[in-house]
2 protein chains.
Amino acid sequence: MKSTTIIDVAKKAQVSVATVSRVVNGNYPVKEATKKKVLEAIKDLEYIPNIQARELNTQHSSIIGIIVPSLFNTFFAEVVSGIESFSTSSGYSLLLTYTKDDPICEKECMNELLMRNVSGIINISPNTERVDSSFFDQMASRIPLVFINSYIKRPAISYVYNDERIGTKIALEHLVSLGHQNICFVRGERSDSYEFKEDVYIEFMKKMGCYNPENIINVSAGNSIDTVELTAKKIVEFLPNRKDVTAFFCCNDLMGVGAVNACRRLNLKIPEDISIMGYDNVSLSHFIEPKLTTMDQNMMTLGWTAASLLMEKIASDNKTSRQVVLQNTLVLRDTTGPCKTNK
Amino acid sequence: MKSTTIIDVAKKAQVSVATVSRVVNGNYPVKEATKKKVLEAIKDLEYIPNIQARELNTQHSSIIGIIVPSLFNTFFAEVVSGIESFSTSSGYSLLLTYTKDDPICEKECMNELLMRNVSGIINISPNTERVDSSFFDQMASRIPLVFINSYIKRPAISYVYNDERIGTKIALEHLVSLGHQNICFVRGERSDSYEFKEDVYIEFMKKMGCYNPENIINVSAGNSIDTVELTAKKIVEFLPNRKDVTAFFCCNDLMGVGAVNACRRLNLKIPEDISIMGYDNVSLSHFIEPKLTTMDQNMMTLGWTAASLLMEKIASDNKTSRQVVLQNTLVLRDTTGPCKTNK
DNA sequence: TTGAAAGCGCTAACAG
DNA sequence: CTGTTAGCGCTTTCAA
């Protein structure tokens, strides 16, 4: 499987390899007649340039490394699409690695990408708190790094994330504006984002004078294939004993959909009897009916911005870092409505 | 951002680059003391070998190119996970490209991967009928190619696919066994898999003596974020004029969910009034309620097998090809039931 | 057990 | 405008 090289083309066209290189890259003047000869030879030989060799030479790579926990959660798939939409148009390709939610694996991914000489790395939902942060500092000094939705900040790394504190508040205010007071908080375990949201929730509810710690439900795994069903079961168990609850705030859309399913099983009408807020606005949230009211996490923008931040970093030879904060916006759909008891 | 090279290590350890290479690769004997010196230098300098240079030299690559239409349908994400589970353990990385359902783009992806010198390409759901098949032959002669769920077969390409003909038949038989006769076929455009499902459908319905070309609905984009809604709208339009239709066979689960939504909007009870079959068994199919009856496409196995077939091809220097056929199995859930008019 | 050196395919001075 | 040549970082003969 020996492939044709620039030398073969040069021989066939009876010119030097430099000339071939010139017509391929179009970066230096070449006489029209010569160019034609070369182009012909390229076509005859079905020559395709070897980018690896080119990039070894130019000391420049056009591959972006991506680190995701998995693609199973469409949140990540949507972010990757956002990255792709930016990077493809700038001539970059995507090298994809999986952490499987394992910090050790995450380190390996980084090393792997470094060896492959990618021009930069985008890490979606890094496990910063579980990996020695000096590791990230060290990495950041070697290669442009952009983190998406990371909670720890290091000076040499660029970040894009949503302000989920404000987003949570907006969501809760929406429910309150509809007259809800007994709002149940549904979360998963082991993610800073749940902690943040819970903090905001507790403070908010206390200020309203209707905080009740029993209204916090933890469904354990928050991003697994089982999250929907886990949530549904928990709520089917919980709700019958808590008739006063009129709304659910769910930390992500999987939980939101689980809540919808639970209420259906309990023969509750949505949103007449009970209101449900999701979070993320993954496609699932509008695939189901009633369509889920949720907070948009701007996945496409997240990915797109991450890619553009990475380009900035590459352009500045990794000398600059920047942070971009996006705002979650309320996506009003069919699962929230006026509180029954206040009608 | 100059990174440390093998030369730096050699200098620091006061040995030749060849020796460093030997300890890095562990493929030739090196005296213990020397090895220790080198290892120390590597650690001090935080040396990471440049795989691009290595592979340029060894004429061997350890990257697998993947071509997907998009990641919006989790079908693809799940297949990619299957590929990943095999390839990572064999030391291969994944270069991901998107066709956006565009045959031109698909060709570009192939070229892009070829230029990047990947060791082989896995194409998930190729668009074979719209691309000049000589293009694929030509590609196959240059680089190991594995197609997943492809329609056309070329001798130099390896294939894994589900026998969707039999699967489609099983699905249709399931509907017929419930008494359905006027079964509507819902497909998208531009994918081989729709074509052969339609073939089977037509033949099947003709044999039953109830084929009606008007019962074939094309929702256009079959794998986009809009597929669910597109399908729902089409069916909401279609169904009121076709009261005789009692069941839908949908070419994938996105369409299946769209059909469920449509029937709900029309106040039809599922499965009492109407039955719906999906196809794929993506997670979405059991996230919604009623949970979708569907055909399992073994996405993980599909991906895993594709990767192993690719390894075979690489090992044989692209001299051998093989085909693996998997069977779709019926996943009985809540959206199919006895035909009303036959009750 | 080690080093010197050729070369993987390509680009970019430099010289003509 | 075009050819010659020196590498990019690495592996691997071939000699020592």
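Chain naming here is simple, since letters A, B, ... match the order of the sequence lines and numbering starts at 1 in each. Just so you know, these numbers use all the heavy atoms, side chains as well, and skip hydrogens, waters and symmetry mates.
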Rounded interatomic separation in angstrom, taking [atom1] from [X] and [atom2] from [N]:
| X | N | atom1 | atom2 | result |
| --- | --- | --- | --- | --- |
| A:Ile7 | D:dT4 | CD1 | C1' | 13 Å |
| A:Lys36 | D:dT2 | NZ | P | 15 Å |
| A:Leu56 | C:dA12 | CG | C1' | 14 Å |
| A:Arg116 | D:dC10 | CZ | P | 14 Å |
| B:Gln59 | C:dC10 | CD | P | 10 Å |
| B:Asn25 | D:dT12 | CG | C1' | 11 Å |
| A:Asn117 | D:dG9 | CG | P | 9 Å |
| B:Asp8 | D:dC8 | CG | P | 11 Å |

Worksheet item: So, A:Arg54 and A:Ser62: side-chain donor and acceptor under 3.5 Å apart, yes or no?
Response: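 No, no side-chain donor-acceptor pair sits under 3.5 Å.
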Looking at [N], I'd like to know if its phosphate oxygens (OP1 or OP2) sit under 4.0 Å from a side-chain N or O belonging to [X].
| X | N | result |
| --- | --- | --- |
| A:Thr19 | D:dG3 | yes |
| B:Thr58 | D:dC10 | no |
| B:Asn50 | D:dC8 | no |
| B:Tyr28 | C:dG3 | no |
| A:Asn27 | C:dA12 | yes |
| A:Gln52 | D:dC8 | no |
| B:Thr5 | D:dG9 | no |

Discussion item. Assess whether a salt bridge exists between A:Asp317 and A:Lys319, defined as any Lys/Arg side-chain N lying under 4.0 Å from an Asp/Glu carboxylate O.
Written reply: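 Looking at A:Asp317 and A:Lys319, the cut-off is met.
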Practice prompt. Answer yes or no: is there an ion pair linking A:Glu40 with A:Lys36, defined by an N-O contact shorter than 4.0 Å?
Written response: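 No, no charged N to carboxylate O under 4.0 Å.
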Discussion item. Using the side-chain heavy atoms of A:Lys31, tell me which of these nucleotides is nearest: D:dT12, C:dG9, D:dC1.
Written reply: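 Nearest listed nucleotide: D:dC1.
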Fill in: Closest nucleotide among C:dC10, D:dT2, C:dG3 to the A:Val30 side chain
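Looking only at side-chain atoms, A:Val30 lies closest to D:dT2.
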Discussion item. Both conditions, 6.0 Å and 45 degrees, for the charged tip of A:Lys12 above the ring of A:Tyr47: are they met here?
Written reply: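 No - A:Lys12 does not lie over the ring of A:Tyr47 by the 6.0 Å and 45° rule.
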Worksheet item: Is a side-chain N or O of B:Asn25 found less than 3.5 angstrom from the main chain of B:Asn27, in a donor-acceptor match?
Response: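 No.
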Practice prompt. With DNA chain D as reference, determine whether A:Lys35 or A:Val17 sits nearer its 5' end, using the nearest nucleotide of each.
Written response: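 Nearest nucleotide further toward 5': that of A:Lys35.
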Discussion item. On DNA chain C, compare the nucleotides closest to A:Arg22 and A:Ile6; which residue's is nearer the 5' end?
Written reply: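 First, find each residue's nearest nucleotide; the 5'-ward one identifies A:Ile6.
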